[in-house]
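Structure first, commentary second.
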Amino acid sequence: MNIFVLMKSTFDTEEKINVRNNKIDEDGAEFIINPYDEYAIEEAIQQRDQHGGEITVVNVGSSDNEKQLRTALAMGADKAVLINTEDDVEAGDAFTTVKILEAFFEEKDVDLILAGNVAIDEATGQVGPRLAQCLDIDYVTTITELRIDGKQVTVEKDVEGDIEVIETSLPVLVTCQQGLNEPRYPSLPGIMKAKKKPLEELEIDDLNIEEEDVQPMTKTIEIFLPPERQAGKVLQGESQEQVAELVQLLQKEAKVF
Amino acid sequence: MNKSLVIGELREGELRNVTFESIAAAKKIGDQGEIVGVLCGAQDLSSAAKVMISYGADRVVKIEHPKLKTYTQEGYGQAISHVIEQESPDGIIMGHTSVGKDLAPKLASKWNSGLVSDAIDLEVVGDQIVFTRPIYSGKAFEKKIITEGLTFATIRPNNIPSLTKDDARTGEVTSLDVEITDLRSVMKDVMKNASEGVDLTEANVIVAGGRGVKSKEGFEPLQQLADVLGGAVGASRGACDANYCDYSLQIGQTGKVVTPDLYIACGISGAIQHLAGMSNSKIIVAINKDPEANIFNVADYGIVGDLFEIVPLLIEEVKQLKVNT
């Protein structure tokens, strides 16, 4: 099977967010594999180990992302491709990323594409479905189970807590939801092996696409932080008194009921 | 906006609130423009169409077809594409729900357009429509505009107030006959979540538990409190990782981002990842044994104590209040 994983690098979830010059300040921030993409990488490894084939992890981003791609290789992916847009794209959006990926997948033989269902930074959740539409392959989002039998694919999809069982066939694109699997940590031998695995770097010029084809369709005009929440009132007295006061406050002061 | 389509969403035969909120969103950016509701299904959609009109749609196009019995992105995608072709709208708005998240990017891609997903507000500024949406799970916000193509947007539930229902409003309801080709994917079965009731993202009240809940059974009093408040139960990652509850209940940076009127955090320490998912709630109550717990730094009201003592008392107190009012 030809398996591809779309991977994004995101801020570590521990990071506080600062805004400078109307941009998110990335100075000194730790980057990680987008947590939902980790499920995609893990699932790719399990499917390959079961059915054979090769996993290519693809990232559209900057040379800094090499670190996360190496981590994916250390987990067990076979190859990595970094499509470096640093010099060509200033403020891309989901459309930009998809156009670049569409060009990358041109003439590629694809059985399975896995992605996270959303990235925890910009959280547009658009890249997977948009790409499937462009490639004219079927897709299922937010999956929690994937079973492949020949060309037959059975998927369980999380729909706001309910689980839908969906049947489709290869080639297919799926986006991964929490609960699909337990992503492994890279092992030491895995890390050693990853250093020798191929990591190809491409630019837009290497693809059959022009810079003007990937111009974004949306534009961010302002970034701001929410007002900081203040610590409120810690209630005093016996438990019963505290609870009575809480209900009073919720009713009279907060007016929530 | 001269003309907006609002894609209606039914669950168990009833329109979801986010559909009414989407109509209100369309109204905000096109006061003089026409709002056309769109409904897909296999059953008779006439009464749902009337409800959309009573909430502010000017007219409704419904597509009734056996292949639209359940939502599939291909089936609904084809049906709605026909409506877009026929109506040539400027904007297409739907809820940022499981369906909206799945369908809107496909349609936006098909129509070579920009999409703002998960908008919590929108306004007209000059000749632009400016959307506000959370990024980094609510740790920050961005204002965004669409620069190309049609204006596609998905609206986060619970943020834009719906218009007042007016049963006297009238509008045309038309049926559109469409061909729907064979679908590549088939929905075989649905396994309903055991905890029926209010959906987390749409709930006005959420009672959430963390590691301090200690077990699956520990969530029972939380569920009872949620029930008396007409709310839903949520959880921190810690509680999900410890198998006290299903991941579908997880609130936080990975998991759901919620903005209820009232959020009651029980035995939750308040890790930054959890706060990202709930700190934009209107009122936060924290119940925790540890007076140093970080959750108290964001809570409007805090009770330092054992949740297994406090929550039952709270249930009784709320019940009393309901009896007295």
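Every chain is numbered from 1 and lettered A, B, ... according to where its sequence line falls, protein lines coming before strand lines.
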Side chain, backbone, both or neither of [X] within contact of chain A (heavy atoms, under 4.5 Å):
X: B/Asn280; answer: both
X: B/Ile284; answer: both
X: B/Leu314; answer: both
X: B/Glu74; answer: side chain
X: B/Lys322; answer: neither
X: B/Gln253; answer: both
X: B/Gln250; answer: side chain
X: B/Val130; answer: side chain
X: B/Ala104; answer: neither
X: B/Thr201; answer: neither
X: B/Thr147; answer: both
X: B/Asp246; answer: neither
X: B/Val205; answer: neither
X: B/Asn112; answer: both

Answer yes when [X] and [Y] have at least one side-chain N-carboxylate O distance shorter than 4.0 Å, and no when they do not.
X: A/Glu160; Y: B/Arg11; answer: yes
X: B/Arg133; Y: B/Asp118; answer: no
X: A/Lys157; Y: A/Asp162; answer: no
X: A/Arg147; Y: A/Glu145; answer: yes
X: A/Glu211; Y: A/Lys99; answer: no
X: A/Asp93; Y: A/Arg130; answer: no

Name the region of [X], side chain, backbone, both or neither, that has any atom closer than 4.5 Å to a heavy atom of chain B.
X: A/Leu246; result: side chain
X: A/Pro216; result: backbone
X: A/Gln240; result: both
X: A/Glu156; result: side chain

[atom1]-[atom2] distance between [X] and [Y], expressed to the nearest 0.5 angstrom:
X: A/Lys255; Y: B/Ile283; atom1: NZ; atom2: CD1; result: 10.5 Å
X: B/Arg184; Y: A/Thr168; atom1: CZ; atom2: OG1; result: 7.5 Å
X: A/Glu122; Y: A/Thr220; atom1: CD; atom2: OG1; result: 7.0 Å
X: A/Met217; Y: B/Leu150; atom1: CE; atom2: CG; result: 10.0 Å
X: B/Leu107; Y: B/Thr154; atom1: CG; atom2: OG1; result: 11.5 Å

- Task: Please work out whether the ring planes of B/Tyr136 and A/Phe11 are parallel, tilted or perpendicular, with thresholds of 30° and 60°.
- Result: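 Ring orientation, 0 to 90° scale: perpendicular.
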- Item | Largest heavy-atom contact set with chain A, pairs under 4.5 Å, which of B/Gly255, B/Ala276, B/Gly138, B/Ala286 |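 Going by pairs under 4.5 Å, I would pick B/Gly255.
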- Of the listed residues (A/Thr154, A/Asp121, A/Thr141), which shares the most heavy-atom pairs with chain B below a 4.5 Å separation?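 Going by pairs under 4.5 Å, I would pick A/Asp121.
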